[in-house]
Structure formats: C-alpha cells, structure tokens
Amino acid sequence: MPVRNLTMITEIHLLGFGNLHHLNLLVFVVLLLVYCITICGNLMIMFLVSRSRSLHSPMYFFLSQLSLSDSLMATSITPNTLRVVMDDDATVTFMGCLTQFYFFSASLALESILLTGMSYDRYLAICNPLRYSNIMDYVFCRRFIVFSWVLSFSVILNHVLAICNLEFCGPNVIDHYFCDLSPLLELSCSDTFIVQVEVTLLVIPMALFQFILVIVSYSYIIFTILGIPSVTGRQKAFSTCSSHLTVVSMYYGTLLCTYLVPTRGQSLTVSKVLSLLYTVLIPCVNPIIYSLRNKDIKEAFNRWILIG
C-alpha cells in the first residue's frame, strides 16, 4: 500500500482529563509512582527469569516477554500522559501521535497473544502433563515468541499505513489522554470506511480466536482440577495457574468494558477511566500479582537478595 503525504495536520492537541480542579499535581504524582512501579516490577521479573535456573521454564519465559510487553505499553502511554496532565495546552506532532498509537496497539496485541500462549501452556501442564515437555520445548517457545512479536507489530503496521493514506485537515483536538484509533479516525476528513473494515477483518477474528482458546483451555483446566480426588492436589494444581487466571480476567474484562460496551450514553470520563485500567494500571499490577502469588518468583527474589 503506497503512503501518500496528504497530512495537513502537523500537531494534535490532547485534552487529557479535562478540568482536574487543581488536582493536576496529585494525579501527576500518582501516575508517576505507578509508572515507576511498573518499570521496576517488570524489570525485576525479566532479571529474575534470566538469572534464576529454577525459572528457566516455558511459563516463566512467556512471563518475561509479558513483562517486556507491559513495559513497552506503559512507556508508550504514561510519559506523554504525565505531560498532558501538567500542561493544559499539551500537543503532540501528528507523526508522534501515530507512533504512540503504533507501539501502544502493537504491545496490546502482543500481550493478548502471549496470554493465549500462557493459557495453552497451563492447559498442557495440568491436563496433559506427559506430553508437556515434548510439546513445550525450547524450540517451540522460541518460535512462538518470534511469531508473536512479528504478527502483532506487522498487523498494527498495516493499520498505521492505512491511516497514513487518509487526509487530515482538522480539527486537531482529541478529547483523550492518548492517541487511540477511533479518536484518530474522527480527525480525518476522508472516508474512513475502508480503514475501519480492514481493522475489523484483521483484528476481530484474531482476537476472537485467542479469546475462545483461553476460554476452552481454562474450561479443561477447571474440569481437570475438579476431578482430582484430594483437596491438597486440587489446591496445588490451581496454584500453578491462579496468577495467570487473575491477569487474564483483568485483561479481557477491561478490554470488553472499554471496546464492546456501547459508548452511547457513556461519558468521556468513564471511557478515560476504563482506558487507564488497561494502559496504566494492568501493566503495574501484573508483576505484583506474579510476585506475591508465585512461590518460585518469591524464592528466586529472596535468593537474589541474599546473594546481593
């Protein structure tokens, strides 16, 4: 698809959260604290997985990639959001807006693929343990990670190239704190129907397939756990997937509320708060959940502290 230079808008004004009634500094501090926790927590998990032999397994290999994806998402959104909170006249260049949309959307798509892979990993470990080591070997995990990164970033690149072929002649105001697809398309004075169809045909089947695979995997997992005769056995089996189940539930729950709940009659404030959940809060909460509810992570952290 050839990219035509038809863009007339050079910068975009982000309205952010509107009138915070002198709470700008408080919101700034909270967001900055959350961002620092996000980066430190995810870096810690990546460091522990790379250094601890006890964490050299497919599940933790996927977890380290999930931490990298969370860090990328938070970094693509939060720093610019901090500037928007403190500056009522904050602007971003049009190319900067597209760049933010690209990395945010690609990391969101990557996280979805990784969570699906982790669900399949837990399904094999609990429901088919005899074949687990044969299927989830190093070669498969490496190919799956490469496939995940290439697929997510190439699909979103196609969306960005399609957007670049539209004309943007004003207005240049987005009533949000970051550049998402719908607010961007609303700025176009071209017919966006083709772009919307392309996005729908590419994203919906992929997202639906991943969602169904997660549901099916955990349905089998739940039935298998319920079939274990001893209470101790059921608790041990559930503990191996409880952290991931919590993360998956939060991820899909917030996305369903944000993109599938009808926006008619829904205030922009509610929409922004829902967006904050998956762009800022979830990347921060994920490493906390895996740290507090995972025995292997805690033991690896304690060994690292003692050695250090």
Side-chain angles (χ1 to χ4, degrees), residues 33-75 107 110-150 152 214 217-218 221 224-225 232-251 281-308:
L33 180 61
V34 170
Y35 179 63
C36 291
I37 294 174
T38 300
I39 298 302
C40 292
N42 284 297
L43 285 177
M44 181 195 71
I45 286 182
M46 287 186 282
F47 173 80
L48 291 176
V49 171
S50 64
R51 288 299 188 93
S52 303
R53 290 188 176 181
S54 61
L55 301 181
H56 288 177
S57 64
M59 182 64 180
Y60 295 112
F61 183 48
F62 293 152
L63 178 59
S64 66
Q65 295 297 310
L66 183 66
S67 295
L68 182 58
S69 175
D70 282 336
S71 300
L72 178 61
M73 179 185 296
T75 302
S107 59
L110 174 61
E111 183 154 348
S112 178
I113 298 174
L114 290 174
L115 289 175
T116 304
M118 294 169 76
S119 299
Y120 181 66
D121 173 85
R122 291 300 84 199
Y123 159 76
L124 285 177
I126 295 175
C127 302
N128 204 348
L130 296 180
R131 298 188 58 194
Y132 179 79
S133 58
N134 292 330
I135 297 177
M136 301 297 291
D137 58 5
Y138 174 75
V139 175
F140 175 84
C141 293
R142 185 177 60 183
R143 289 177 178 175
F144 178 80
I145 293 301
V146 172
F147 168 79
S148 302
W149 281 86
V150 172
S152 56
V214 169
S217 296
Y218 269 99
I221 288 173
T224 301
I225 291 177
T232 304
R234 289 196 295 268
Q235 291 177 342
K236 184 178 180 180
F238 183 73
S239 66
T240 63
C241 63
S242 59
S243 298
H244 179 257
L245 180 60
T246 303
V247 171
V248 167
S249 301
M250 291 193 307
Y251 175 82
L281 187 60
I282 285 184
C284 175
V285 172
N286 282 354
I288 296 176
I289 292 175
Y290 278 106
S291 299
L292 295 179
R293 304 187 64 177
N294 190 288
K295 180 181 177 182
D296 295 333
I297 293 287
K298 288 190 289 187
E299 289 179 352
F301 179 76
N302 291 333
R303 284 197 301 269
W304 177 69
I305 291 295
L306 293 175
I307 293 175

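Computation of the quantities below employed the complete heavy-atom set of this structure, encompassing side-chain atoms and omitting hydrogens, waters and symmetry-equivalent molecules. Throughout, residue positions are numbered sequentially from 1 according to the sequence presented.
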Margin query: I'd like to know whether Y132 forms a side-chain contact (heavy atoms from CB on, under 4.5 Å) with D121, so could you lay out the CA-CA distance, the side-chain angles of the two residues, the decisive distance to 0.1 Å, and finally the verdict.
Written below: CA-CA 8 Å; Y132 179 79; D121 173 85; 2.6 Å; yes
Next item on the list: Evaluate the criterion side-chain contact (heavy atoms from CB on, under 4.5 Å) for residue pair I113 and F144; output intermediate values, then yes/no.
Entry: CA-CA 9 Å; I113 298 174; F144 178 80; 3.9 Å; yes
Notebook entry, point to check: Shortest non-hydrogen contact from Y218 to C241?
Noted result: OH-O, 3.6 Å
Margin query: Any non-hydrogen side-chain atom of I37 less than 4.5 Å from a side-chain atom of I288?
Written below: yes
Check: Could you give the distance from OG (S242) to OH (Y290), rounded to the nearest 0.5 Å?
Finding: 9.5 Å
Note to self: Ignoring hydrogens, what is the shortest heavy-atom contact between V34 and C284? Give both atom names and the distance.
What the structure shows: CG1-CB, 3.7 Å
Margin query: Taking side chain to side chain donor-acceptor pair (under 3.5 Å) as the cut-off, I'd like each qualifying pair that reaches into residues 63-75, sequence neighbours left out, listed once.
Written below: Y35-T75, N42-S67, Q65-W149, D70-N286
Note to self: Looking at every non-hydrogen atom in both residues, tell me the closest pair between F61 and R142 and how far apart they are.
What the structure shows: CE2-N, 4.2 Å
Checklist line | Non-neighbouring partners of E299 that pass side chain to side chain contact (heavy atoms under 4.5 Å, CB included), sequence neighbours left out | finding: K295, D296, R303
Checklist line | Closest non-hydrogen atom pair between P58 and C141, with its separation | finding: CB-SG, 3.5 Å
Next item on the list: Could you tell me whether the side chain of S52 and the main chain of V49 form a donor-acceptor pair under 3.5 Å?
Entry: no
Notebook entry, point to check: Which is it for L115 and H244 under the side-chain contact (heavy atoms from CB on, under 4.5 Å) test, yes or no, and what are the steps along the way?
Noted result: CA-CA 8 Å; L115 289 175; H244 179 257; 3.9 Å; yes
Next item on the list: Taking the side chain as every heavy atom from C-beta outward, state whether L55 and L63 have any pair of such atoms under 4.5 Å apart.
Entry: no
Check: Which pair of non-hydrogen atoms, one from G117 and one from F62, has the smallest distance, and what is that distance?
Finding: O-CE1, 4.0 Å
Next item on the list: Carefully, step by step, assess E111 and I282 under the rule side-chain contact (heavy atoms from CB on, under 4.5 Å).
Entry: CA-CA 11 Å; E111 183 154 348; I282 285 184; 4.2 Å; yes
Next item on the list: Could you tell me which non-hydrogen atom of L124 sits nearest to which non-hydrogen atom of M136, and how far apart they are?
Entry: CD1-CG, 3.6 Å
Check: Would you call Y60 and L48 a side-chain contact if the rule is heavy atoms closer than 4.5 Å?
Finding: no
Next item on the list: Report yes or no: does N302 contribute a side-chain atom to a donor-acceptor pair with the main-chain N or O of K298 at less than 3.5 Å?
Entry: yes
Check: Could you give the distance from CD1 (I221) to CD1 (I126), rounded to the nearest 0.5 Å?
Finding: 4.5 Å
Next item on the list: Would you give the length of the straight line joining atom CE of M73 to atom CG of L68, rounded to the nearest 0.5 angstrom?
Entry: 11.5 Å
Next item on the list: Return the set of residues passing side-chain hydrogen bond (donor to acceptor under 3.5 Å, both in side chains) with T246 (not counting sequence neighbours), or none when no residue passes.
Entry: R293
Notebook entry, point to check: When the ring planes of F140 and Y120 are compared, do they come out parallel, tilted or perpendicular, using 30° and 60° as the limits?
Noted result: tilted
